[in-house]
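Being a predicted model, the structure only gives us computed values, none of them experimental.
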Amino acid sequence: MYTLTGRGDYIIVGNKEGMEFILTGNLTKGGFIANPEAIQSWHKNTEITPISQLEKEQIMTAIMQQTIHSPFKILFDETFFHEKS
């Protein structure tokens with residue numbers, strides 16, 4: 001489970017080790033459409049840890065599952081997936 005803190009046009013995602021990254025996107029009625037390209041590395045103080053493609057997919061799945069029953073859902077921009085396919 002991740003900590004999710006909203007700030008308008010971005011969300012700060014934190015893990016249990018105290019590392020974070022900023023998830024950019026667009027605020028919509030009832031949720032947030034996130035840009036998956038924003039998931040690149042974890043940050044903690046001056047430490048930067050790259051996020052692998054597998055971990056990125058796991059993070060996106062976990063965030064969507066974490067918010068699926070919430071009135072504020074976080075989804076990922078589908079146009080990204082269609083462009084990469």
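To the nearest 0.5 Å, the span separating OG1 on Thr5 from OH on Tyr10 amounts to 10.0 Å. Atom CD1 of Ile68 sits about 8.5 Å away from atom CG of Leu75, to the nearest 0.5 Å. Between atom CD of residue Gln65 and atom CE of residue Met60 there is a gap of 12.0 Å, rounded to the nearest 0.5 Å.
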**Item:** Tyr2 vs Asn15, side chain to side chain contact (heavy atoms under 4.5 Å, CB included): CA-CA, chis, key distance, verdict
**Value:** CA-CA 5 Å; Tyr2 296 101; Asn15 66 14; 4.1 Å; yes
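One N or O on the side chain of Thr28 and one on the backbone of Gly31 form a donor-acceptor pair closer than 3.5 Å.
Across all their heavy atoms, Pro50 and Ser41 have their closest contact at CA-CB, 3.8 Å. Across every non-hydrogen atom of Met19 and Thr49, the tightest pair is CE-OG1, 3.1 Å. Residue Lys56 comes nearest to Pro36 through the heavy atom pair CE-O, 2.9 Å, listed as atom of the first residue, atom of the second, then distance.
Leu4 and Ile12 are assigned to two separate hydrophobic clusters, defined by single-linkage of ILVMFWY side chains at heavy-atom distances under 4.5 Å. Connection of Phe72 to Leu23 is established within a shared hydrophobic cluster, with ILVMFWY side chains joined at heavy-atom distances below 4.5 Å, either directly or through further cluster members. A continuous path of hydrophobic side-chain contacts links Ile51 to Val13 [ILVMFWY only; heavy atoms under 4.5 Å]. Connection of Met64 to Ile74 is established within a shared hydrophobic cluster, with ILVMFWY side chains joined at heavy-atom distances below 4.5 Å, either directly or through further cluster members. Ile33 and Ile59 fall within a single hydrophobic cluster, where Ile, Leu, Val, Met, Phe, Trp and Tyr are joined by side-chain heavy atoms under 4.5 Å apart, directly or via other members.
The side chain to side chain donor-acceptor pair (under 3.5 Å) test with Trp42 is passed by exactly one of Glu47, Glu55, Glu20: Glu55.
For the 3.5 Å distance criterion, the side chains of Asn35 and Glu37 fail to qualify, holding no donor opposite an acceptor.
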